[in-house]
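Remarks on the structure that follows.
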Amino acid sequence: MSAKKGLAAGALSLAAAGLISKILGVVYIVPFQNMAKDYAMGLYQNAYAIYVVMLTLATAGIPLAISKLVAERSALRDFAGADQLYRVGARFLAVAGVVVFVLLMLLGGTIGVMMGDYNSSTAIRALAFALLIVPLLAAMRGYIQGHQSMAISGNSQVVEQLVRVTVILVGVYISVSLNAEPRTVAAVATFSSVLGALASLFYLGRHVVKQRRENRKKYIRPSTVPNKVVLRKILKISIPISLSSIVLPLSQMMDSFTITNLLMFGFDWTKEVATSEFGVYTARALRLIALPLSLAVAVGLSLMPAISEAIAQKNIKLRNDRVITAFRLTSLFAFPTAVGLYVLAGPIDIALFTDLKGADTIAAISWMAIFSSYELVCCYILQAMGFMYLPIRNMFAGLGLKLVLLLLLVPKFGILGAGIAAVIGYILSSGLNFAAVRRLAEIPMSYRSLIIKPLFASLVMGGVVWTITKIPLDVIIPWPRVENLIVLILAGSVGAAVFGALMILQKGVSKDELRRLPGVKRFVR
């Protein structure tokens with residue numbers, strides 16, 4: 001498989017799996033809430049919030065560090081070293097998972113009280129069992145991604161989410177039918193994550209065992225590096241990766257601590273009104289940006305082991321090709337997504353949320369799709385090249401600028417000011433990261449190909465899409481949500497066709513590149 005094809009196929013496989021998982025993660029909420037009701041749903045969310053934090057502490061960037069180091073060892077044909085990296089990393093994560101599991105089991109009641117409801121403790125303790133499985137599962141994904149088997153890793157995510165959602169819906173239905181208490185219903189729902197992780201573990205385990213057997217056949221000699229040295233190497237890489245991964249949660253935490261208070265201060269609103277306005281910002285605008293971010297993460301997860309492999313082989317051309325391919329993939333989804341969200345902000349708001357309260361904010365924050373995606377992809381590139389802390393500094397610079405702008409803009413412009421602050425913060429951090437990649441990698445890049453062509457195609461697409469929104473469908477469709485949903489489907493389909501055609505006409509995407517995309521080759525002659 002060629003370098004470009006491997007990276008594109010891997011990124012698209014992970015992106016598709018992430019998209020399917022996100023869709024499943026949204027769809028089940030409606031029947032779940034209808035059956036379990038708000039109180040059980042609240043207990044479930046309380047448990048999940050603490051679980052995400054504890055899981056982050058238990059894994060701490062180690063899976064991505066494993067993928068980077070395994071790719072390097074495999075490129076040097078040090079298969080014994082690659083196998084040792086997986087063994088050491090998996091054991092460390094397994095132990096960390098057990099420790100966090102014990103803490104949650106012992107402190108579940110205390111955590112529940114601190115969160116405002118002791119009944120949350122049942123769901124927290126039920127979910128704690130997942131920490132006996134998920135850290136090991138994360139190590140397996142890192143090992144498989146290190147061998148650039150991205151489709152297998154992506155499929156394991158889909159398996160996990162399918163089983164989890166199925167068990168939630170069936171388990172909650174049975175629990176409610178038996179008149180179980182809300183805390184029991186919530187615990188059944190959270191325990192579904194354990195079964196989903198277990199199913200994924202079995203699926204992924206078969207592939208890991210097969211890969212390790214193939215590697216053992218290629219051993220030249222066993223690794224003589226002490227396990228302690230290997231663990232220190234893993235932690236040296238995983239710590240800065242962990243720091244970069246907490247920037248987004250920190251940004252969201254900053255929003256929580258500042259925006260509501262600033263709205264109350266600037267507009268003399270009550271807490272209830274300010275909180276509702278903050279809900280529009282987070283639940284409408286920020287949720288929509290999650291899709292392009294998930295695609296950027298997919299590119300990054302494919303990119304880090306791919307670049308590490310090229311560097312280990314001292315193949316500068318291969319490294320440069322993979323970086324440029326990553327930038328091209330990022331431009332191909334980020335630019336049309338940003339323009340599409342901007343033009344379709346109104347129809348999206350009505351179709352999904354029934355009114356136009358968040359339309360202006362969705363339009364303002366749409367440009368985050370470009371800058372946040374480039375920030376993340378550049379971060380992965382720099383860390384793969386060994387500059388582990390430089391992108392973190394740049395990302396925190398953007399975070400600091402955002403805080404200053406929040407304080408200045410939100411009291412004057414409300415939620416719209418928060419959106420503007422977020423976009424400008426990302427412009428700074430993505431600009432610094434992109435400049436660092438150019439300076440340190442010394443890669444010759446065509447801005448016409450990377451930026452001008454996709455931007456032009458996106459703007460023309462935006463004009464076509466805007467024209468479609470002006471079609472008076474309300475004459476024949478009296479239901480606003482249905483009307484706007486049809487507009488979104490029509491505009492999305494036509495817009496994608498227009499963007500694709502313009503990129504081909506501009507030779508922004510060649511036939512050779514289209515043939516490298518998975519599932520597209522048979523349609524291109």
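Values below: all heavy atoms of this structure, side chains included; hydrogens, waters and symmetry mates excluded. Since this is a predicted model, take the numbers as computed values, not measurements.
For CZ of Phe396, the number of neighbouring non-hydrogen atoms (other residues, nucleotides, ligands) closer than 6.0 Å is greater than 12. Tyr389 OH: more than 12 foreign heavy atoms inside a 6.0 Å radius. Arg183 CZ: 12 or fewer foreign heavy atoms inside a 6.0 Å radius. The neighbour count for Asp268 CG, taken as heavy atoms of other residues, nucleotides or ligands under 6.0 Å away, does not exceed 12.
Put simply, the side chain of Ser193 reaches to within 4.5 Å of the side chain of Leu127, judged on heavy atoms. Looking only at side-chain heavy atoms (C-beta outward), Leu488 and Asn484 stay at 4.5 Å or farther from each other. The closest side-chain heavy-atom distance from Leu406 to Met254 is below 4.5 Å. Counting heavy atoms from C-beta outward, Ile427 and Val423 have side chains that approach closer than 4.5 Å.
Side-chain atoms of Ser121 come within 3.5 Å of backbone N or O of Tyr118 as a donor-acceptor pair. Without hydrogens or angle criteria, Glu375 side chain to Ser429 main chain gives no donor-acceptor distance under 3.5 Å. Side-chain atoms of Thr184 do not come within 3.5 Å of backbone N or O of Ala180 as any donor-acceptor pair.
The two residues Ala197 and Leu137 make their nearest non-hydrogen contact at O-CD2, 4.0 Å. Across every non-hydrogen atom of Ala128 and Met105, the tightest pair is CB-SD, 4.0 Å. For the residue pair Ala359 and Ala345, the shortest heavy atom distance occurs at O-CB, 3.4 Å. Nearest heavy-atom pair, Ala187 versus Thr122, reported as atom, atom and distance to 0.1 Å: CB-CG2, 3.7 Å. Here the closest non-hydrogen pair linking Ile168 and Ala189 is CG1-O, 3.5 Å. Listed here is the closest heavy atom pair of Asp255 and Lys402: OD1-NZ, 3.0 Å.
Partners of Phe327 by ring pair (Phe, Tyr, Trp, His ring centres under 6.0 Å), not counting sequence neighbours, listed by chain and number: Tyr374, Phe434.
Taken from CH2 in Trp269 to CG in Leu262, the straight-line distance is 11.5 Å, to the nearest 0.5 Å. Going from atom OG of Ser192 over to atom CZ of Arg164 covers 5.5 Å, rounded to the nearest 0.5 Å. One distance of note links CZ of Phe387 with CG of Leu440; it measures 4.5 Å at 0.5 Å rounding. A distance of 6.0 Å separates OG1 in Thr361 from CG in Leu416, rounded to the nearest 0.5 Å. Atom OH of Tyr426 and atom CD1 of Ile370 lie 14.0 Å apart (nearest 0.5 Å). To the nearest 0.5 Å, the span separating CD1 on Ile350 from CZ on Arg481 amounts to 10.0 Å.
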Side-chain atoms of residues 467-475: list all donor-acceptor pairs with protein atoms under 3.5 Å, sequence neighbours left out, distances to 0.1 Å.
residue	atom	partner	partner atom	Å
Thr467	OG1	Gly463	O	2.9
Thr469	OG1	Trp466	O	2.5

From CA spacing to verdict: side-chain contact (heavy atoms from CB on, under 4.5 Å), Leu332, Phe499: CA-CA 9 Å; Leu332 285 174; Phe499 177 80; 4.1 Å; yes

Worked verdict on Val465 versus Val494 for side-chain contact (heavy atoms from CB on, under 4.5 Å): CA-CA 7 Å; Val465 168; Val494 174; over 6 Å; no

Evaluation steps, side-chain contact (heavy atoms from CB on, under 4.5 Å), between Val437 and Leu382: CA-CA 6 Å; Val437 171; Leu382 289 168; 3.8 Å; yes

Stepwise side-chain contact (heavy atoms from CB on, under 4.5 Å) check, Leu107 with Ile124: CA-CA 9 Å; Leu107 301 176; Ile124 291 171; over 6 Å; no

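Judged by distance alone, the side chains of Arg141 and Ser200 do bring a donor and an acceptor atom under 3.5 Å apart.
For residues 341-353, the pairs satisfying side chain to side chain donor-acceptor pair (under 3.5 Å) are Arg284-Asp349, with sequence neighbours left out.
Tested against Met395 for a side-chain contact (heavy atoms from CB on, under 4.5 Å), the candidates Leu428, Leu390, Asn433, Leu432 yield a single pass: Asn433.
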